[in-house]
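Values below: all heavy atoms of this structure, side chains included; hydrogens, waters and symmetry mates excluded. The first residue of the sequence shown is numbered 1, and numbering continues consecutively from there.
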Amino acid sequence: MFSSVTLAIKTEYDALKAKDPDGNLAISGMVLTNTYNGLDWQAVLPGVYHANGTPRENNPFCEIFGAQAQFRSAQKGERGELFKLDGKLLELELGDPNIRLSGGTPTRAGDSRVLITRGGHLLLNLMPSAFGRIRSKADLADPVLASFRQAFQQAGVNDPWTLELPPGAEAGRYRLDGNYYLGITRSEVSGTERRDTAISFDRPYDIYDLLKRTSLGRSDHLEFNLDPCEVRLLALLPEAKGDFAMTLHVETNRFITATVSQSGPAAGLFRLEVLRPDGELYKPATGNHACAADAVVITVDPGLEPMPGRWRFRLTDLLDGAVTEKFIDFQPGMQ
């Protein structure tokens with residue numbers, strides 16, 4: 001569990017002791033700082049204050065992490081003590097440079113204040129408050145990212161994927177119907193910064209570029225250059241994709257149904273465009289859809305005063321760009 005960005009927590013310690021059937025605390029993982037890459041990072045320890053903002057004398061999280069820490073505010077904009085790694089100062093501030101152990105065990109050699117564990121929980125006493133300013137510079141950002149990767153590994157959060165991104169880049173991973181979808185964006189950076197990107201997956205996938213609608217082959221590793229302000233959107237299929245098929249039918253004299261199926265074992269993505277008899281795109285029925293093992297049935301309402309004539313249904317495979325078109329004659333009140 002990653003704590004949310006709240007120093008003031010309403011729920012008391014007893015309510016947080018949600019236990020699994022074996023009686024173990026459900027609270028686990030790390031408490032981190034600030035916000036980056038979709039994770040919530042917390043200033044040293046959560047629960048320093050009650051919900052009304054008054055200081056809490058006995059913070060229950062001190063017991064969980066075995067450490068006594070105080071919230072350090074950045075008064076007058078002054079920076080806190082920077083973390084030193086191998087004799088070099090990193091753009092990482094110690095959340096509480098005066099943190100005290102109370103049952104926790106330091107796990108980082110050289111500075112006992114940085115990583116503290118107790119009972120499988122890990123407290124990271126670092127604040128990457130300057131990361132937004134340095135993320136586009138590899139010489140400054142890379143050591144910071146390496147420190148957090150090490151913290152995740154020590155907490156037992158091992159990612160089967162390895163993403164080596166250039167400075168100023170970030171990635172978002174999604175899962176739908178057994179497929180993975182990976183989006184990578186990069187902000188504007190200096191032209192002298194590296195562009196190389198390397199991604200290793202947990203297994204081979206059929207990889208597709210969703211923006212170009214082309215296949216990149218099947219592999220467990222992918223390398224490419226990512227330019228400043230560039231976006232990549234990839235689809236990763238565990239099995240081979242199939243071809244789409246579509247049938248049309250008029251229902252209850254009022255609607256048109258499109259039944260879409262595919263021949264392959266992997267789920268697919270498609271875009272359905274519906275055009276009226278006059279050739280104009282019928283926007284209420286146009287959109288993107290996912291198709292898993294079962295067929296997808298899409299019901300099209302032609303409107304209160306539907307245009308009679310030949311309606312066109314155009315299906316585009318969003319993975320490889322293949323297009324399938326079907327036509328159906330629709331007359332209001334037809335059987």
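The list of ring-ring contact (aromatic ring centres under 6.0 Å, His included) pairs with a residue in residues 248-281, not counting sequence neighbours, reads Phe244-Phe270, Phe270-His289. Evaluation of the side chain to side chain donor-acceptor pair (under 3.5 Å) test over residues 137-146, restricted to residues two or more places apart or in two chains, returns Asp142-Arg194.
Interatomic distance, CZ of Arg195 versus CG of Leu165, reported as 15.0 Å (0.5 Å rounding). To the nearest 0.5 Å, the span separating CG on Leu210 from CG on Leu319 amounts to 6.0 Å. We find the CG-CG distance between Leu140 and Leu145 to be 11.0 Å, quoted to the nearest 0.5 Å. Distance CG/Asp329 to CH2/Trp311: 12.5 Å, rounded to 0.5 Å. Interatomic distance, Asp320 CG to Asp243 CG, rounded to the nearest 0.5 Å: 7.5 Å. Note that NZ of Lys212 is 5.5 Å distant from CZ of Arg232, once rounded to the nearest 0.5 Å.
Across every non-hydrogen atom of Gly242 and Ser263, the tightest pair is CA-OG, 3.4 Å. Closest of all the heavy-atom pairs between Ile99 and Ala67 is CD1-CB, 4.0 Å. Nearest heavy atoms, Gly66 versus Ile116: O-CG2, 4.3 Å. Shortest non-hydrogen contact noted between Ala240 and Pro265 is O-CD, 3.2 Å. For Phe330 against Pro306, the heavy-atom pair with the smallest separation is CE2-CB, 3.6 Å. Heavy atoms only, all atoms of each residue included: Ser261 and Cys291 are closest at CA-SG, 4.3 Å.
Using a 4.5 Å heavy-atom cutoff, the side chains of Tyr180 and Phe201 are not in contact. Inter-residue side-chain proximity for Pro106 and Leu101 is flagged as met; some heavy-atom pair is nearer than 4.5 Å. Taking 4.5 Å as the limit, every side-chain heavy atom of Asp196 sits out of range of all side-chain heavy atoms of Pro166. Between Ile134 and Val144, some side-chain heavy-atom pair lies under the 4.5 Å cut-off. Under the 4.5 Å side-chain criterion, counting only non-hydrogen atoms from C-beta, Arg173 is not in contact with Tyr181. Asp227 places none of its side-chain heavy atoms less than 4.5 Å from the side chain of Arg186. By the 4.5 Å heavy-atom criterion applied to side chains, Leu234 and Leu216 are counted as neighbours.
Every residue meeting the side chain to side chain contact (heavy atoms under 4.5 Å, CB included) condition with Ser190, not counting sequence neighbours, appears here in chain and number order: Thr192, Glu193. Here Thr259 pairs with Thr247, Ala295, Val297 under the side chain to side chain contact (heavy atoms under 4.5 Å, CB included) rule; sequence neighbours left out.
At distances below 3.5 Å, not a single donor-acceptor pair connects side-chain atoms of Asp206 with backbone N or O atoms of Leu237. Distance alone, capped at 3.5 Å, places no donor-acceptor pair between the Ser136 side chain and the Gly168 backbone. In this structure, the side chain of Thr286 engages the main chain of Val274 through a donor-acceptor pair within 3.5 Å. The closest donor-acceptor contact from the side chain of Thr214 to the backbone of Asp209 lies at 3.5 Å or more, if one exists at all.
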Dump the intermediate steps for side chain to side chain contact (heavy atoms under 4.5 Å, CB included) on Asn179 and Leu236, then the final yes or no.
CA-CA 6 Å; Asn179 297 343; Leu236 293 90; over 6 Å; no
Carefully, step by step, assess Leu269 and Asn288 under the rule side chain to side chain contact (heavy atoms under 4.5 Å, CB included).
CA-CA 7 Å; Leu269 299 174; Asn288 298 338; over 6 Å; no
Evaluate the side chain to side chain contact (heavy atoms under 4.5 Å, CB included) criterion for residues Val260 and Leu272: first the C-alpha distance (whole Å), next the side-chain angles of each, then the deciding distance (0.1 Å), finally the verdict.
CA-CA 10 Å; Val260 179; Leu272 182 64; 5.7 Å; no
Criterion side chain to side chain contact (heavy atoms under 4.5 Å, CB included) on Glu170 and Arg135, from CA distance to verdict:
CA-CA 10 Å; Glu170 57 185 39; Arg135 61 190 300 266; 3.0 Å; yes
Donor-acceptor contacts, no H, no angles, side chain residues 219-226, under 3.5 Å, sequence neighbours left out:
{"from": "Ser219", "atom 1": "OG", "to": "His221", "atom 2": "N", "distance (Å)": "3.0"}
{"from": "Ser219", "atom 1": "OG", "to": "His221", "atom 2": "O", "distance (Å)": "2.8"}
{"from": "His221", "atom 1": "ND1", "to": "Ile199", "atom 2": "O", "distance (Å)": "3.3"}
{"from": "His221", "atom 1": "ND1", "to": "Ser200", "atom 2": "OG", "distance (Å)": "2.8"}
{"from": "His221", "atom 1": "NE2", "to": "Glu223", "atom 2": "OE2", "distance (Å)": "2.8"}

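Hydrophobic clustering of Ile, Leu, Val, Met, Phe, Trp and Tyr side chains at less than 4.5 Å, counting indirect connections, keeps Tyr174 apart from Ile184. Clustering ILVMFWY residues whenever any of their side-chain heavy atoms sit less than 4.5 angstrom apart, transitively, puts Tyr208 in a cluster other than the one holding Trp161. One hydrophobic cluster holds both Val250 and Ile298 under the rule that ILVMFWY side chains link at heavy-atom gaps under 4.5 Å.
Note that Arg203 lies in the cation-pi zone of Tyr205, set by a 6.0 Å cut-off to the ring centre and a 45° limit from the axis.
Among Arg254, Arg276, Met307, the single residue meeting the side-chain contact (heavy atoms from CB on, under 4.5 Å) criterion with Pro302 is Arg254. Tested against Asp317 for a salt bridge (Lys or Arg N to Asp or Glu O under 4.0 Å), the candidates Arg271, Lys241, Arg213 yield a single pass: Lys241.
Other members of the cluster containing Leu275 are Leu281, with ILVMFWY side chains joined at under 4.5 Å, either directly or via other members.
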